[in-house]
Protein chains: 2
Amino acid sequence: MRPLVHPSIEDVTVEGILHALADPVRVAIYAGLAASEKGTSCSAFLQLDDREIPKSTLSQHFRALREAGLIRSERQGVEMRNTTRCGEINQRFPGLLPAVMGAYQQQLMDRIKAAKRKGGKARGV
Amino acid sequence: MRPLVHPSIEDVTVEGILHALADPVRVAIYAGLAASEKGTSCSAFLQLDDREIPKSTLSQHFRALREAGLIRSERQGVEMRNTTRCGEINQRFPGLLPAVMGAYQQQLMDRIKAAKRKGGKARGV
DNA sequence: TTCAATAGTTCGCAACATATGAACTAACGA
DNA sequence: TCGTTAGTTCATATGTTGCGAACTATTGAA
């Protein structure tokens with residue numbers, strides 16, 4: 001089993017970051033990791049936003065985030081401790097991550113508002 | 001020949017924008033359009049950064065940008081007038097586009113600096 | 001040790017996406 | 001009507017993604 005790959009911060013690319021964060025599932029994972037102080041295991045995201053994510057799919061998403069340089073994963077006993085590398089990235093690309101996450105936040109709020117206007121339950125997928 | 005599709009600004013998604021801008025060719029096109037005041041034809045980008053882009057590939061890239069909501073394309077006689085929709089997008093997702101384009105700019109400058117440090121010619125691809 | 005349990009990874013394949021040459025269409029000007 | 005220029009669409013080869021099944025690593029008993 002090959003060891004986990006973490007690019008050094010100089011090898012992190014903007015296109016890589018954008019590609020990784022162009023997927024709602026990965027964004028949700030990233031946001032979850034960013035919110036937790038001391039790192040989170042992968043399996044914490046098996047259930048995400050009412051959606052079931054298969055284990056193998058989750059693993060691929062973590063790999064994508066890791067190889068884009070967005071997160072760091074290290075074994076801690078039987079499970080994984082995942083943390084964001086937002087400090088390093090903010091230093092290399094100041095303002096990029098806040099802008100992206102802020103835009104997603106904005107989009108979420110717009111959707112909630114739009115769902116309310118339609119009167120029914122929030123069915124936005 | 002089906003008419004060109006332009007999503008209304010409420011239908012523009014963050015994931016769509018990021019996916020479109022996760023490609024260096026499309027970013028170069030977008031930057032070129034953003035720099036020009038009165039719109040630019042597609043064929044202006046057939047030669048890009050020393051690279052030859054095939055016509056059909058270019059057409060797909062323009063379609064991607066268009067359907068992500070990043071640009072507007074309208075026929076002007078025999079050619080196309082492409083313009084960015086950055087005004088609308090900045091209103092809907094304030095700060096997103098400047099942050100992304102700024103990060104690419106940063107990356108470009110870092111690469112130039114790194115190439116200089118290595119002494120040789122700028123071979124960074 | 002050996003066995004079972006838990007947490008992730010890797011493999012294989014089907015479905016989807018992308019790049020590009022070739023053929024096509026649309027607008028214009030002889 | 002023909003030729004030219006500018007883009008689009010089609011066909012296809014190649015690449016990427018999602019997911020079940022099989023595998024690996026670590027820990028904790030028995």
Side-chain angles (χ1 to χ4, degrees), chain A residues 1-6 13 15-29 32-33 36 38-49 51-68 70-83 125, chain B residues 1-6 13 15-29 32-33 36 38-49 51-68 70-83 125:
Chain A
M1 201 163 273
R2 82 179 78 116
L4 305 181
V5 173
H6 293 93
T13 66
E15 51 269 40
I17 291 175
L18 297 190
H19 179 255
L21 294 182
D23 182 304
V25 172
R26 287 194 290 261
V27 171
I29 293 171
L33 294 184
S36 104
K38 287 304 287 172
T40 311
S41 72
C42 298
S43 54
F45 299 94
L46 280 168
Q47 180 95 13
L48 196 61
D49 275 354
R51 257 175 74 49
E52 260 322 285
I53 313 286
K55 221 163 47 130
S56 59
T57 303
L58 244 203
S59 181
Q60 300 296 359
H61 283 313
F62 272 95
R63 185 156 82 100
L65 289 167
R66 195 162 52 232
E67 297 189 352
L70 282 162
I71 69 174
R72 192 178 296 283
S73 314
E74 36 199 343
R75 231 178 214 291
Q76 197 91 36
V78 74
E79 65 180 29
M80 223 70 160
R81 173 109 340 165
N82 298 285
T83 50
V125 181
Chain B
M1 201 163 275
R2 84 178 76 117
L4 304 181
V5 173
H6 293 92
T13 66
E15 52 269 41
I17 291 174
L18 297 190
H19 179 254
L21 293 181
D23 182 304
V25 172
R26 287 195 290 262
V27 171
I29 293 172
L33 294 184
S36 102
K38 287 304 285 172
T40 310
S41 71
C42 298
S43 54
F45 298 93
L46 280 168
Q47 181 93 15
L48 195 61
D49 276 352
R51 256 177 72 50
E52 267 311 293
I53 313 285
K55 222 163 44 131
S56 58
T57 304
L58 245 202
S59 181
Q60 301 294 3
H61 282 313
F62 272 94
R63 186 156 81 99
L65 289 167
R66 196 161 51 231
E67 298 188 352
L70 282 163
I71 68 173
R72 192 178 294 284
S73 314
E74 36 199 344
R75 231 177 214 290
Q76 196 90 36
V78 73
E79 66 180 28
M80 222 69 159
R81 175 109 339 165
N82 297 286
T83 49
V125 180

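So you know, we letter chains A, B, ... as the sequences are listed, proteins then strands, and number each from 1.
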Give me the bend of the helix from C/dT1-D/dA30 to C/dA30-D/dT1, using the axes of the five pairs at each end, rounded to 10°.
-> 0°
Can you name the atoms? Protein N/O to nucleotides 2-6 of chain D N/O, anything below 3.5 Å, with the distance.
residue : atom : partner : partner atom : Å
D/dA6   : O4'  : B/Val78 : O            : 3.1

D/dG18 OP1/OP2 closer than 4.0 Å to side-chain N/O of A/Thr57 | no
Any side-chain heavy atom of [X] sitting closer than 4.5 Å to one from [Y]?
{"X": "A/Leu4", "Y": "A/Phe62", "answer": "no"}
{"X": "B/His19", "Y": "B/Arg26", "answer": "yes"}
{"X": "B/Ser73", "Y": "B/His6", "answer": "yes"}

Separation of B/Ile29 CD1 from B/His61 NE2 (nearest 0.5 Å) = 6.0 Å
Rounding to 0.5 Å, atoms CG (B/Leu70) and CG (B/Leu33) come to a distance of 10.0 Å
In whole angstroms, how far is the [atom2] atom of [N] from the [atom1] atom of [X]?
{"X": "A/Leu58", "N": "C/dT9", "atom1": "CG", "atom2": "P", "result": "9 Å"}
{"X": "B/Glu74", "N": "C/dA26", "atom1": "CD", "atom2": "C1'", "result": "16 Å"}
{"X": "B/Leu46", "N": "D/dG7", "atom1": "CG", "atom2": "P", "result": "8 Å"}
{"X": "A/Asn82", "N": "C/dA7", "atom1": "CG", "atom2": "C1'", "result": "11 Å"}
{"X": "B/Leu4", "N": "C/dA27", "atom1": "CG", "atom2": "P", "result": "11 Å"}
{"X": "B/Glu52", "N": "C/dA19", "atom1": "CD", "atom2": "C1'", "result": "15 Å"}
{"X": "B/Phe62", "N": "C/dT20", "atom1": "CZ", "atom2": "P", "result": "15 Å"}
{"X": "A/Ile53", "N": "C/dT9", "atom1": "CD1", "atom2": "P", "result": "15 Å"}

Could you check whether A/Arg51 gets within reach of a base, just the sugar-phosphate, or nothing at all, counting any heavy atom under 4.0 Å?
-> nothing
Partners of [X] by salt bridge (Lys or Arg N to Asp or Glu O under 4.0 Å), sequence neighbours excluded?
{"X": "B/Glu74", "value": "none"}
{"X": "B/Arg66", "value": "none"}
{"X": "B/Glu15", "value": "none"}

Say whether, by atom type as modelled, one donor and one acceptor occur between the side chain of A/Asp49 and the main chain of A/Arg51 under 3.5 angstrom.
-> no
Does a donor on one side chain and an acceptor on the other come within less than 3.5 Å for A/Thr40 and A/Asn82?
-> no
Between the protein and nucleotides 10-17 of chain D, list every N/O to N/O distance that falls short of 3.5 Å.
residue : atom : partner : partner atom : Å
D/dT17  : OP1  : A/His19 : NE2          : 3.2

Heavy-atom closest contact (A/Ile17 atom, A/Ala68 atom, distance) | CG1-O, 4.2 Å
